[in-house]
Trainee: 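Got a structure for you, questions after.
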2 protein chains.
Amino acid sequence: MSSTRDQIIETTCILLEAQGYHATGLNQIIAKSGSPKGSLYYYFPQGKEELTAEAIARSGRIVERNIRAGLANNKEPAEAIANFVRSIAQAVESSSFSAGGPLTTVALETVNSSERLNLVCREAYGWLRDAFAEKLVAGGYTPERATRLATFIVSVIEGGIILSRTNHSGDPLRHVADELGDYLRAASNTETRVQ
Amino acid sequence: MSSTRDQIIETTCILLEAQGYHATGLNQIIAKSGSPKGSLYYYFPQGKEELTAEAIARSGRIVERNIRAGLANNKEPAEAIANFVRSIAQAVESSSFSAGGPLTTVALETVNSSERLNLVCREAYGWLRDAFAEKLVAGGYTPERATRLATFIVSVIEGGIILSRTNHSGDPLRHVADELGDYLRAASNTETRVQ
DNA sequence: GTCTATAATACGATAGAC
DNA sequence: GTCTATCGTATTATAGAC
């Protein structure tokens, strides 16, 4: 696969995360990536929308991989997930936001204006949810219960990232990690689980 | 207070919520509100940033009021909050997004580009958190515990709104409402509460 | 595949009459 | 307070040489 193409997508991911969709210009992307504008429309004939769709998909896969890798550090889902959220808190504070990626900002910006981008965002959220759900299933939850819990987990993490980014502090995410850990421990104690 | 000024702010709130900050143009605002461009810069000499700051503040106060009104329907915090989240699920499905307002989208879009807008978003999130926290305090929680729980609650609601909007379905928010209700009921049973 | 020049359009902001 | 015309600068996208 072309390195120029990859470079463009990767640069787009970074800029989308920092600025959002409408604030990120194609000129800025080609300038930062060092690629020529002719190449951009050669690799992405449908322009900005197509490029953004690819960037969102790649970002989603990377976040999914990070989730799976992070959760593998601990056998017990409650501890694994709480620790993973704490690691996001640190990532947000060190200004390397590769935790949430451009997903949330672009999802909100384009929900009413681009069906294509809305679909890829929806798909990416599904990947994240399933990564958590599979960890919960491995921990003994039924698939149905795991999916519902995973939706809750993705929600609370996304919301926590927003509060932490807005406040320039990892504290909201750390509070979220504590509460989420408490909840999951309580759930694993009271619910019927197949071990 | 001038009606023209109010009209401009209100229109801005609606457009910001549907499209975000960078996709909403001043020309679009004056066209939809029926106000002249001369008036816009008369009432908001500092332009788009000042107008948006006012719109965010107004939106934040409205959401805060909605939260307080919604939570007043039920004495027990756990039930009150779960039911409130369910009401947001319905609001999202009926396409009248006055639940989350333009807050989240603008917060993410401007976190790295406008200190003024970042500050007003941070302030608004504080109002929402405090509204939940006061309900929890009234329900017997200590102020410190209530604030932490309220941060968690705002996070999970914001995240749930994002998932529900992206999926064009109230289901994610309803799952969130169920889980949140479970958690708050469990917390109120196990924790020491001053009644 | 790459590059440059440019078209077409929209943006935020301003000036100055009324 | 209101209105219009306009400036300067972005944007996305395209055309055509190499």
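Please read these numbers as outputs of a predicted model, since none were measured by experiment. So you know, we letter chains A, B, ... as the sequences are listed, proteins then strands, and number each from 1.
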Trainee: Which parts of residues 19-28 of chain A get close to DNA chain D, meaning a heavy atom less than 4.0 angstrom away?
Mentor: A/T24, A/G25, A/L26, A/N27

Trainee: Check whether A/S164 reaches the backbone of A/S169 with its side chain - one donor and one acceptor, N or O, closer than 3.5 Å.
Mentor: yes

Trainee: Using a heavy-atom cut-off of under 4.0 Å over every strand shown, decide if A/Y43 touches base, sugar-phosphate, or nothing.
Mentor: sugar-phosphate

Trainee: For the pair A/K48 (side chain) and A/T24 (backbone), establish whether a donor and an acceptor sit closer than 3.5 Å, ignoring hydrogens and angles.
Mentor: yes

Trainee: Testing the 3.5 Å rule here: is there a donor-acceptor pair between the side chains of B/Q7 and B/S33?
Mentor: no

Trainee: For the side chain of B/T105 and the backbone of B/P102, is there at least one donor-acceptor N/O pair under 3.5 Å apart?
Mentor: no

Trainee: Considering non-hydrogen atoms only, spot the tightest contact between B/A146 and B/V137 and give its length.
Mentor: CB-CG2, 3.6 Å

Trainee: Kindly determine whether B/E115 and B/R122 satisfy salt bridge (Lys or Arg N to Asp or Glu O under 4.0 Å), including the steps that lead there.
Mentor: CA-CA 10 Å; B/E115 189 173 352; B/R122 202 185 303 184; over 6 Å; no

Trainee: Indicate yes or no: at least one non-hydrogen side-chain atom of B/D6 is less than 4.5 angstrom from one of B/R58.
Mentor: yes

Trainee: Could you state the CZ-P distance from B/F44 to C/dT14, rounded to the nearest angstrom?
Mentor: 16 Å

Trainee: Taking only residues two or more places apart in sequence or in another chain, which ones pass ring-ring contact (aromatic ring centres under 6.0 Å, His included) with A/Y125?
Mentor: none

Trainee: Judged by atom type as modelled, is there a donor-acceptor pair below 3.5 Å linking the side chain of B/N73 to the main-chain atoms of B/A80?
Mentor: no

Trainee: With the threshold set at under 4.0 Å for non-hydrogen atoms, list the residues of residues 30-40 of chain B touching DNA chain C in residue-number order.
Mentor: B/K37

Trainee: Taking five pairs at each end, how big is the angle between the two axes of the helix from C/dG1-D/dC18 to C/dC18-D/dG1, to 10°?
Mentor: 10°

Trainee: Kindly state each residue pair satisfying ring pair (Phe, Tyr, Trp, His ring centres under 6.0 Å) with at least one member in residues 2-36 of chain A, sequence neighbours excluded.
Mentor: none

Trainee: Let me confirm one number: the CZ-CD1 distance from B/F44 to B/I8, rounded to the nearest 0.5 Å.
Mentor: 5.5 Å

Trainee: What range of DNA chain D does chain A touch, first nucleotide to last, counting atoms under 4.0 Å from its heavy atoms?
Mentor: D/dT11 to D/dT14

Trainee: What integer distance in Å separates B/E50:CD from C/dG12:C1'?
Mentor: 14 Å

Trainee: Starting at CD1 of B/I67, measure out to CD1 of B/I157 and round the result to the nearest 0.5 Å.
Mentor: 6.5 Å

Trainee: Could you tell me which non-hydrogen atom of B/N66 sits nearest to which non-hydrogen atom of B/F84, and how far apart they are?
Mentor: O-CE1, 3.7 Å

